[in-house]
*Asks:* 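First the structure, which I've put down as structure tokens, then a few questions once you've had a look.
Just so it is clear: chains get the letters A, B, ... in the order the sequence lines come, proteins before strands, and each one is counted from 1.
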Number of protein chains: 4
Amino acid sequence: MSDPTNPSFDVAHLGHVELYTDRFDESLDFFTRIYGLKLSGTDGQSAYLSAWDDYEFHTLKLTRHHSTGVGHVAYRVSSPEALERRIDAISASGFKTLGWVDGDLGHGRAYRFEDPFGHVFEIYWETRRYEPDEADRPALKNLASRYHGQGCAPRRLDHLNLLAADVREFRRFMETCLGSRVTEMIQLDNGRIGGAWFTVNNKGYDLACTEEHGRGHGRFHHVTYATDTREDILRAADIFLENGVHIETGPHKHAIQGTFFLYVYEPAGNRVELANAGARLILAPDWEPIVWTETERKKGQAWGLKTIETFHTYGTPPVPKGGS
Amino acid sequence: MSDPTNPSFDVAHLGHVELYTDRFDESLDFFTRIYGLKLSGTDGQSAYLSAWDDYEFHTLKLTRHHSTGVGHVAYRVSSPEALERRIDAISASGFKTLGWVDGDLGHGRAYRFEDPFGHVFEIYWETRRYEPDEADRPALKNLASRYHGQGCAPRRLDHLNLLAADVREFRRFMETCLGSRVTEMIQLDNGRIGGAWFTVNNKGYDLACTEEHGRGHGRFHHVTYATDTREDILRAADIFLENGVHIETGPHKHAIQGTFFLYVYEPAGNRVELANAGARLILAPDWEPIVWTETERKKGQAWGLKTIETFHTYGTPPVPKGGS
Amino acid sequence: MSDPTNPSFDVAHLGHVELYTDRFDESLDFFTRIYGLKLSGTDGQSAYLSAWDDYEFHTLKLTRHHSTGVGHVAYRVSSPEALERRIDAISASGFKTLGWVDGDLGHGRAYRFEDPFGHVFEIYWETRRYEPDEADRPALKNLASRYHGQGCAPRRLDHLNLLAADVREFRRFMETCLGSRVTEMIQLDNGRIGGAWFTVNNKGYDLACTEEHGRGHGRFHHVTYATDTREDILRAADIFLENGVHIETGPHKHAIQGTFFLYVYEPAGNRVELANAGARLILAPDWEPIVWTETERKKGQAWGLKTIETFHTYGTPPVPKGGS
Amino acid sequence: MSDPTNPSFDVAHLGHVELYTDRFDESLDFFTRIYGLKLSGTDGQSAYLSAWDDYEFHTLKLTRHHSTGVGHVAYRVSSPEALERRIDAISASGFKTLGWVDGDLGHGRAYRFEDPFGHVFEIYWETRRYEPDEADRPALKNLASRYHGQGCAPRRLDHLNLLAADVREFRRFMETCLGSRVTEMIQLDNGRIGGAWFTVNNKGYDLACTEEHGRGHGRFHHVTYATDTREDILRAADIFLENGVHIETGPHKHAIQGTFFLYVYEPAGNRVELANAGARLILAPDWEPIVWTETERKKGQAWGLKTIETFHTYGTPPVPKGGS
């Protein structure tokens, strides 16, 4: 896959997601005490959070804002040379470029660009590894930090989901700019693509894009961390229940990607997922996208659960009145 | 990672392992009925087996032989061009080359070469996908075949472990020929490397090599399939128990790589593992090998289980009398 | 609890359930190959089935019939003297008695009686233990038979659920005739009892009764076997999915009793459940029934799943046209 | 079982265990923060602890002492009348009686007696239910308190294990005084009983007694809380590992009783277990004790793990020098 025509491996992995919240303190309490991320640091407007086995300083940047939704999405590249190649490809693509930013507490300079639907992306090479202090040092040296067992305690960042008015065009953006590939997708009867699941590596997906059904722009559907087991997710359901967190749907298994899932809303209203993919990986270098028809999608989730209506309509930030 | 100096992604994944057995019928019964692989096909000397979500025709080739151990180890490359690049690198390496073979029921032509310790490797591009028939068609189209639930029913091939008299030299072989990288290793007090864990992709490892303590040559330690959950492995322990399969050690968790494991001997004596890595992946493109000292290794497994003595001494084929 | 006024322990446990099927061969195939019970024996009209750790010859009697639903419900008493005491109490109760029957392949003579809603009950002391043959002998002698791993492979009979037009009166029947106690119940706003969960021992419930909303009489809601783990139930969902079994609802967790559940229909249409209660037991001898209000019940299941409509309406046998 | 000759059900369940510690603060920190019990209250010398679904005020009484081991063992009876019957039986038994004590923070007056090996028992009827305050109120009203998710967070008290020089005599004590029955036992080749597992209800065991191999008197082997799942125990192993708690053995499955187990030492040295029995219950009123021979016992645990030597020798308090 290192051919110039198939530059997938220039981009190593999803690095972090910036989430906006208009209830910063409550959101931070949710993400640390209940959801179980660690607070790596803070600056003026943001808290930097990571799961206990995320190797970087942060994988979630939680930022005070007048509303909710996603600030930016960051991917780490696989080398300085790969960064150059990607910038060349992005510059040549015709998609909107925003140029360099200095980085923040968690990484060095990053190159920003934007999809046609208002989501800001960045790619970066220079990162800051999470350095555990004494209290945080794991018993086993191959972990990024100790398993703290606080809250749901997922292991690492897994993926995010964005909304776009034209998934086909979003796909072109992902393939062109990030060398990402589609592993599964929904082909609607009207010829449109209902959703597409992308990956830059062996994970089944690190980003999903589903069709925006409101009049929203640049909206966010959810961000997801991975747990080691499905049992972690069943346990998380009890933790959410006991803490009064709104459970939207799950635990259940997605037909698409086969992920065991649980969706909740954090206090500011952003949708957050916990997921477990089992041992599934996309190992085939010539994997052909799985195409689900509208009829197949209507069967619901893997074990027959009807997809909850809000899953098709709810995103952040909310759409202004009369907008959806 | 697509730089010429870091050609890792030329090789996509471990493809299959050929295992020798001098009790073919019993081994085949074990691997299908108890361990839970599917029989994809047979030819004169071999049975071709795969797990229910392996995308290729086979990941285990079980071959009648006068003894036990490994026949060959195969990796699939990521493109026809990558195959050429790898052959160039192997040819230039000075390691022994064996040239092209025609392939078998499961894949097209393959290029063979050998490590200095007598293990035969091959790389190939042209493969045969597993094509489920009606009875084997999965309910969800993103699976390679239906979840049959027979025996332990692991999901996919995970890794194998070879024995070598000089792990350092074996490492040079893996890096040079396959562009594989070391994710974890054991540094012995005597300066030798006690073991090394290699990967060509985002898995923690697809091949491990540990030091040969007998006088064996080209010996095999174990082959492993991955399960979706740890519970699958606890359940497998009961299945092995009820079927009179020798459980060598486990279920427990390795300190190295953090894998939840269970080791048994198949009827001919080859060691076979079931393993679950949870959500662990090696995502960092600049991952530095974790180096375990001899002292650390002596602490045993993750939760304190002392490593069973046979784990250090037993491999296949057996070493001739006076040899160990 | 051995006081004459509180004779609970005269009845030891739910013994077996007789289920009617008008698709005998398909039902038998479902219960053995997919659901994972063992066939202990057959006579002219019935198959006798048990789970791998049921100690008796059978816990499910599957009987050819012109329709579906429950044939009879059997409880085993704790001693011959307890049997006498229970018969005295039943005779004095005014509930309908049917007298002695000879028993069948699985147990000796039994005393039959009937609830006001047409369900036949029996109590018995003399039983036939399941005697494993060589192929069925467990590796561990404290199990009733070997863990066979076939299909869903639940461990033991757990409970059943009946429909009755007047749950309050059904409760009087259970308390009077079986010395059963209510552990949880639903108090409707209209003063009626929506459902009650009964036990004769430390299990949270061995029989539930919910209100009949159709015009059915003597109808059956479901029968349930217990699995050792919740993971067994997640795995069962995949087995049902792959075998085309209709999954009605689940996996999820009931608010009432906290049971992790999965409901399917066997081929003749009877509802069948798999359930796991975790470590929950009713140990308090003075346990007060938990009373759920109608408002609380409307919140749905434990993690927010709305109770599926068929759960309130569907039972077997089907109600004749115009009847529901 | 309510016959005078088989008075089992007079005693309802194991109520609580008093544990001595000479490192009170460290032990209390262990039991609350790491093991995951709740602190219900304290008095001068003791802390009263319970698991999140224990219905009584406490199930563990942790008492400051000059040494370690067990203070007393308490069973709750099933009615005031049952209490009288049991006292009559104990008084008539010839075993040592200690008479009434006033009770403590967790229950009313209790009647004490002693086994021939120095362990103090008590039985009581009047208890104090755990009353959750606002912060502790469960989302589901059928739980004793909210699932807090702190530390290992077991669900309820399960059993304890005592050491006795003559297990046969200890059995006579348990049967006579508590109406307890043996569900499994070890018959040694020398005619002695190596161990016996007792229950007063449907649990497989609530108390085990194994042979004292040191010269100890009144010694304690371990106390155990039950988790809902085996996964809870695997997770607990990581929590113990990260907190520097000594893991003695496990996770693994006992052959006897089939319990999935994990043993650690709390800071003062008392052995503590977490266990899961799956769906296993002793439902048969005429259950015959399973008798394991010495040969069978030597096979080790269910999946072949050799029983760790300390398991046969280590108890608390420690035996004075020269004593073992």
*Asks:* When you look at NZ of Lys141(D), are more than 12 heavy atoms from neighbouring residues, nucleotides or ligands closer to it than 6.0 Å?
*Replies:* yes
*Asks:* Do you know which two heavy atoms are closest between Tyr55(C) and Leu283(D), and how far apart they sit?
*Replies:* CE2-C, 4.4 Å
*Asks:* Taking side chain as everything from C-beta outward and backbone as N, CA, C, O, which of these in Ile256(C) sits under 4.5 Å from a heavy atom of chain D? Side chain, backbone, both or neither.
*Replies:* backbone
*Asks:* Look at the side chain of Lys203(D) and the backbone N and O of Leu281(C), then say whether any donor-acceptor pair between them is shorter than 3.5 Å.
*Replies:* no
*Asks:* Which atom names give the shortest non-hydrogen contact between Val77(C) and Pro285(D), and what distance separates them?
*Replies:* O-CG, 3.5 Å
*Asks:* Examine distances only and state if a side-chain atom of Asn142(D) and a backbone atom of Ile290(C) form a donor-acceptor pair shorter than 3.5 Å.
*Replies:* no
*Asks:* Between Arg230(C) and Glu231(D), does at least one N-O distance fall below 4.0 Å, as a salt bridge requires?
*Replies:* no
*Asks:* For a quick test of reading the model, state the closest non-hydrogen atom pair linking Arg129(C) to Trp287(D) and the distance between them.
*Replies:* NH2-N, 4.2 Å
*Asks:* Within a strict 4.5 Å, meaning less than it, do heavy atoms of the Leu140(C) and Glu296(D) side chains meet?
*Replies:* no
*Asks:* Is the shortest heavy-atom distance from the side chain of Trp125(C) to the side chain of Asp286(D) under 4.5 Å?
*Replies:* yes
*Asks:* Could you list the residues that satisfy side-chain contact (heavy atoms from CB on, under 4.5 Å) with Pro132(D), not counting sequence neighbours?
*Replies:* Tyr130(D), Asp136(D), Pro138(D), Ser145(D)
*Asks:* For residues Thr229(D) and Thr229(C), determine if any side-chain heavy atom of one lies less than 4.5 Å from a side-chain heavy atom of the other.
*Replies:* no
*Asks:* Can you tell which of Val291(D), Asn201(D), Asn276(D), Asp53(D) has the highest number of heavy-atom pairs within less than 4.5 Å of chain C?
*Replies:* Asn201(D)
*Asks:* Quick check for you: among Ala255(D), Ala226(D), Ala302(D), which has the greatest number of heavy-atom pairs under 4.5 Å with chain C?
*Replies:* Ala255(D)
*Asks:* Of the backbone (N, CA, C, O) and the side chain (C-beta and beyond), which part of Thr227(C) lies under 4.5 Å from a heavy atom of chain D, both, or neither?
*Replies:* backbone
*Asks:* Which atoms form the tightest heavy-atom contact between Arg155(C) and Ala277(D), and what is the distance?
*Replies:* NH1-O, 4.2 Å
*Asks:* Please check: side-chain N/O of Arg156(D) versus main-chain N/O of Arg280(C), any donor-acceptor pairing under 3.5 Å?
*Replies:* no
*Asks:* Less than 4.5 Å to any heavy atom of chain D: does that hold for the side chain of Ala139(C), its backbone, both, or neither?
*Replies:* neither
